[in-house]
Amino acid sequence: AVAMDMWPAFMSAAKQCIPQADIVHDKFHVSKYLGEAVDTVRKQEHRRLSQKGNSPLTGSKWAWLKSYPDGRSAEAVSFRALNQLNLKTSRAWTIKENFAQFWSYSYKGSAKRFFDAWSTNAMRSRLEPVKKVVKMLRRHETGLLNFSQHKISNACAEGFNSAIQLITATARGFRNFTNYRQGFCFIAASWIWIGREEKITVKLTKSPKEKAYICLFLQKHLLWMNAVLANASESWSENWVDIFPLVSPAAKATDTATAK
């Protein structure tokens, strides 16, 4: 299975290169589309209410883009009072929040029954931005239902993309691809250093064995990124494993033994 967003180019490439793999649509992008629909409804309603007089939606943009799982914080109490008003934005936000239950299903049949009921209810909301997103999700229903079976996302790829964007912004650009590639390898090697030496607290786990697995996970994706970048530039002749011995084969073997 391969996780991706709903861009047709990605889907066509996956079907051509790995036709046997299931396409799984990432839940981050689905949440993004639903959040944008809620924000669009808020803008339209705020504009309409402002023309009539005072709008209760003034300054509430970020409140509608959050979730309030505990419901007891001061921020949640303040939002509850706003959400109880008879607003179209409240209906859109409720539809968005209700969809979060979809990701908890482990069987396609249960996930499909929930999706059909949710999408039918959303289409009856008479909120055009929401209906537009629902129609898009219905076109990609197969990829959404595959999540219940595979439970994967493209969070790692998005993380690498964010790191590359940060490197580019920090350096204010690069003169050539070689410097660009070397800058990314330097940052990626520092991640391995942090994982091996435990210079920061890993909040996800306290087990040394699990930390070793995290280190191996980073190394695997680092090697994959090195292969991708090497194919993109034939002029690069140095071996980054020699430059960064922290991720050398010997270090990898040591981490494998530690994990076992």
Side-chain angles (χ1 to χ4, degrees), residues 3-11 23-149 151 153-154 158:
M4 64 182 68
D5 60 17
M6 301 176 188
W7 195 32
F10 286 160
M11 298 175 63
I23 293 178
V24 180
H25 292 311
D26 185 61
K27 65 180 182 179
F28 166 79
H29 293 90
V30 176
S31 300
K32 176 185 175 183
Y33 293 136
L34 290 172
E36 290 175 349
V38 173
D39 194 48
T40 302
V41 173
R42 181 196 62 81
K43 290 178 181 179
Q44 295 174 351
E45 189 171 26
H46 175 63
R47 190 180 303 112
R48 178 176 58 83
L49 294 176
S50 297
Q51 293 175 352
K52 295 182 178 180
N54 188 25
S55 172
L57 295 172
T58 302
S60 65
K61 174 181 179 178
W62 301 112
W64 297 103
L65 301 180
K66 297 180 181 179
S67 297
Y68 305 90
D70 58 352
R72 293 177 292 181
S73 63
E75 192 176 34
V77 173
S78 176
F79 175 76
R80 190 182 304 119
L82 178 63
N83 191 34
Q84 289 175 349
L85 299 177
N86 187 21
L87 298 173
K88 293 182 178 180
T89 310
S90 299
R91 301 208 319 266
W93 182 84
T94 301
I95 292 171
K96 175 182 76 74
E97 290 298 302
N98 288 341
F99 188 76
Q101 183 180 343
F102 174 82
W103 309 113
S104 64
Y105 290 101
S106 300
Y107 299 95
K108 281 188 176 181
S110 301
K112 179 171 176 55
R113 284 192 294 270
F114 174 85
F115 181 80
D116 291 343
W118 175 85
S119 60
T120 300
N121 177 68
M123 290 298 292
R124 292 174 178 172
S125 66
R126 294 179 294 178
L127 302 172
E128 291 303 322
V130 174
K131 292 170 63 176
K132 181 179 178 180
V133 174
V134 173
K135 291 177 182 177
M136 178 186 65
L137 296 181
R138 281 180 169 177
R139 292 195 301 269
H140 298 88
E141 180 178 349
T142 302
L144 292 172
L145 295 177
N146 285 336
F147 181 86
S148 61
Q149 178 181 358
K151 299 291 184 181
S153 70
N154 62 346
E158 294 292 340

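Computed from a predicted model, the values in this text were never measured in an experiment. Sequence positions, counted from 1, serve as the residue numbers for this chain.
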Rounded distance [0.5 Å steps], [atom1] in [X] versus [atom2] in [Y]:
X    : Y    : atom1 : atom2 : answer
T89  : L127 : OG1   : CG    : 8.5 Å
I23  : H140 : CD1   : NE2   : 9.0 Å
S153 : F28  : OG    : CZ    : 10.5 Å
S110 : Y105 : OG    : OH    : 7.0 Å

>> Checking S60 now: which residues fulfil side-chain hydrogen bond (donor to acceptor under 3.5 Å, both in side chains) with it, not counting sequence neighbours?
In response: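 S60 satisfies side-chain hydrogen bond (donor to acceptor under 3.5 Å, both in side chains) with W64 only.
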Heavy-atom distance under 4.5 Å between the side chains of [X] and [Y], does that happen here?
X    : Y   : answer
H29  : M6  : no
D39  : W62 : no
M11  : H25 : yes
V134 : Y33 : no

>> One pair to check against side-chain contact (heavy atoms from CB on, under 4.5 Å): Q51 and R47. What are the steps and the verdict?
In response: CA-CA 6 Å; Q51 293 175 352; R47 190 180 303 112; 4.2 Å; yes
> Are the side chain of D26 and the backbone N or O of A3 linked by a donor-acceptor pair below 3.5 Å?
Replying inline: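 Checking the backbone N and O of A3 against the side chain of D26, no donor-acceptor pair under 3.5 Å is found.
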> Of all residues at least two apart in sequence or in a different chain, which pass the side-chain contact (heavy atoms from CB on, under 4.5 Å) check with S50?
Replying inline: H46, S55
>> Checking R48 now: which residues fulfil salt bridge (charged side-chain N to carboxylate O under 4.0 Å, His left out) with it, not counting sequence neighbours?
In response: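 Counting only residues at least two positions away or on another chain, R48 forms a salt bridge (charged side-chain N to carboxylate O under 4.0 Å, His left out) with E45.
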Donor-acceptor pairs under 3.5 angstrom involving side-chain atoms of residues 75-88: please list them, not counting sequence neighbours.
residue, atom, partner, partner atom, Å
E75, OE2, K66, NZ, 2.5
R80, NH2, G71, O, 2.4
N83, OD1, S90, OG, 3.3

> Under the criterion side-chain contact (heavy atoms from CB on, under 4.5 Å), which of L144, N146, L145 is the partner of T142?
Replying inline: N146
> Pairs in or reaching into residues 117-127: which pass side-chain hydrogen bond (donor to acceptor under 3.5 Å, both in side chains), with residues at least two apart or in two chains?
Replying inline: S119-R138
>> Would you call the rings of F99 and F115 parallel, tilted or perpendicular, taking 30° and 60° as the class edges?
In response: perpendicular
> Which pair of non-hydrogen atoms, one from S104 and one from K151, has the smallest distance, and what is that distance?
Replying inline: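 Where S104 meets K151 most closely, the heavy atoms are C-NZ, 3.9 Å.
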> Closest approach of A37 and V133, non-hydrogen atoms and distance?
Replying inline: CB-CG2, 3.8 Å
> Got a sec, which pairs hit salt bridge (Lys or Arg N to Asp or Glu O under 4.0 Å) with one end in residues 139-149, sequence neighbours left out?
Replying inline: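 Salt bridge (Lys or Arg N to Asp or Glu O under 4.0 Å) check on residues 139-149 returns K112-E141.
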